[in-house]
Amino acid sequence: MRHVRLLRCRRVRVLWLSMTLSVLGDRLYALAAMWVVYDATGSSSLMGLVAAVESVPYVVVGGAGSVVAWFSCWRSLAWVDAVRALVAAALPLLWSPDPAGLTLLLVMVLLLGTLSAVFDPNLGALIPQLVSPAEVEQVSSLFDLTARIAAAAGQGSVGALLLLVSEIHLFAIDGFTFAVSALALHWLARQRVTGSARGAGAHTETDAGAGGGVSAGAGVGSRGAHGLRALEGLLRAARAASPRRLLRSLRRVRLLLRPVPVLPPLGHRPRPGHRPGRRPGPGHRPRSGARVLAVRAWPLLRAHPRIGVAVVLHGAALFAGAVSTVGLPPMLVTRFGQGVAGYGLALAATAAGGLVGNLLTGHLPRRGPWLRTYCLAWVVSGLSLAGLGVAGSLVLVVLLCASSGLLLPVAAVTLRARLSRFGPAQRLRLLTVDQTVSRTAATAGHLVLPFAVDAAPAHSFVVAGLLLSALAAAGWWAGARTASPAGEP
């Protein structure tokens, strides 16, 4: 299996295990936040407020590309996770079931959401560095598996954990998972070599982060050979005690070991008055080779319109999918007389479909344009969503949930693998834009669609599903009529 072959690489294995644990902790944290608020207040509207507060930073931070790019290395992400661990672990100690405690919870949720909004796109942009270019799609599928495992394990483990600890202590468990992730990221920051498990495409870096403004390791071939000869000349001059020869050798070594500038990423525009080769001013903070330059989003999307179509479609899918989140429980109660058991069965079917879909996505060969596969997955997913509105039995509901879960990793891995083929700066910016659009659409769906579900539950599923299928078909048509840019990977 390709996943097993990738996990033979120690760096991939350490990061994947730590991220799986961290994502599972996030699932517990999300459930804990909702349950703690409902237990203290009995208000469903305040539960929705917590969800909105957690999503707001993703929308705000997504527009600040330079802020996100500042954390684009393993070491910076390790510090972000360390702070997240402290915040999550401190919450059970400071919590109290009163207005002051609720305010504190909202502040902590806002802070954790802000840190996650910085962390998530940077992690997605750094993961492709662990493997060779030929294995980017496989490693994207492998790390998508963390969400599928967390969805399946989180539903089953939370009930057992709540028999041992209270809801508020789930935050402490989440803090522990963040601490494990921080240690793993710090270990990765100390690694000097990146590459696949078989060593294909391995290369050295000044830090184990993404290549940025300068690269001290560029041009290792003939330039490195000349540098070694210059060093040998320096040693001979020192032994001969010749000041003139020593000075000449020192000049050659300084010239040959000077870092080589890398071409700026697509969409990068120099500041007015900036001249290449000039020393930066006193207020400029130099960036190490572990960080990437911030790239403007709009020129990048205009240069790659198919990526823009996929990002917009992703947001539309999450907007339409919100009808299932808020509408499935009341539909199961009113139409089939099912309670928590029926809802848990539907969630388990979705999670199981996601696991199977991930395993299939990582092993099936790619044929045809990537956007066609991506749009087709959302077309069928929309039809499954519409089918829930007219399903006549619980068995059919479970089958439709399983088919919807089966298609989610197909779409997710296809888009993530395509974005991972861009350069570090472009990849980070596109992942940030995708995260911002999807979070904004999902939040809007959770705020708007409950009113439609209350008015007409079955019709809401049908309209949302058919709308998603129509938009996916339109994206397929638009992508087919758009010429592929010459520089698109």
Side-chain angles (χ1 to χ4, degrees), residues 55 58 144 147-148 151 305-332 346-347 349-351 353-354 357-358 361 369-391 396-416 418-419 433-482:
S55 297
Y58 287 88
D144 175 80
R148 312 304 163 192
R306 293 183 180 180
I307 300 295
V309 169
V311 169
V312 171
L313 183 55
H314 189 194
L318 293 186
F319 177 85
V323 73
S324 179
T325 304
V326 299
L328 189 58
M331 186 187 72
L332 290 173
L347 292 178
T350 304
N358 178 277
T361 303
W370 69 272
L371 188 59
R372 182 178 65 186
T373 302
Y374 182 77
C375 293
L376 183 60
W378 286 126
V379 167
V380 181
S381 181
L383 295 177
S384 299
L385 184 62
L388 289 174
V390 297
L396 185 56
V397 169
V398 170
L399 291 176
L400 289 173
C401 288
S403 65
S404 178
L406 187 71
L407 294 166
L408 287 178
V410 176
V413 172
T414 300
L415 179 58
R416 183 59 62 93
R418 176 55 51 175
L419 298 184
V433 170
D434 177 60
Q435 174 182 266
T436 303
V437 171
S438 60
R439 280 280 181 161
T440 303
T443 303
H446 285 96
L447 293 176
V448 174
L449 292 179
F451 299 99
V453 171
D454 290 338
H459 291 85
S460 299
F461 279 91
V462 174
V463 172
L466 294 180
L467 177 63
L468 175 57
S469 296
L471 290 176
W476 186 352
W477 175 81
R481 293 177 62 88
T482 302

Between Leu385 and Phe461, is any pair of side-chain heavy atoms under 4.5 Å apart?
yes
Say you draw a straight line from NE2 of His314 to CD of Gln435; how long is it, rounded to the nearest 0.5 Å?
10.5 Å
Whether Trp370 and Tyr374 hold their rings parallel, tilted or perpendicular, with breakpoints at 30° and 60°
tilted
Donor-acceptor contact below 3.5 Å, side chain Ser469 vs main chain Leu383:
yes
So which heavy atom on Arg148 is nearest to which on Ala412, and how close?
NH2-CB, 3.9 Å
Looking at Val323 and Ala464, what are the two nearest heavy atoms and their distance?
CG1-CB, 3.8 Å
Any idea which heavy atoms bring Val462 and Ala386 closest together, and the distance?
CG2-O, 3.7 Å
Is Leu313 close to Leu471 at the side-chain level, that is, under 4.5 Å between some pair of heavy atoms?
yes
Heavy-atom donor-acceptor pair, Ser438 side chain to Asp434 backbone, under 3.5 Å:
yes
So CG of Asp144 and CG of Leu415: to nearest 0.5 Å the spacing works out to 11.0 Å
Nearest 0.5 Å, please: how far is CG in Leu388 from SG in Cys401?
5.0 Å
Could you pull out the closest heavy-atom pair between Gly445 and Pro450, with the gap in Å?
O-CD, 3.6 Å
Measure across Ala320 and Leu468 and return the closest heavy-atom pair with its distance rounded to 0.1 Å.
CB-CB, 4.2 Å
Please tell me whether Thr414 and Thr373 have a donor and an acceptor in their side chains that are separated by less than 3.5 angstrom.
no
If you round to the nearest 0.5 Å, how far is CG of Leu449 from CZ of Phe319?
4.5 Å
Any donor-acceptor pair under 3.5 Å linking the side chain of Ser403 with the backbone of Leu400?
yes
Could you pull out the closest heavy-atom pair between Val397 and Ala391, with the gap in Å?
CG2-CB, 3.7 Å
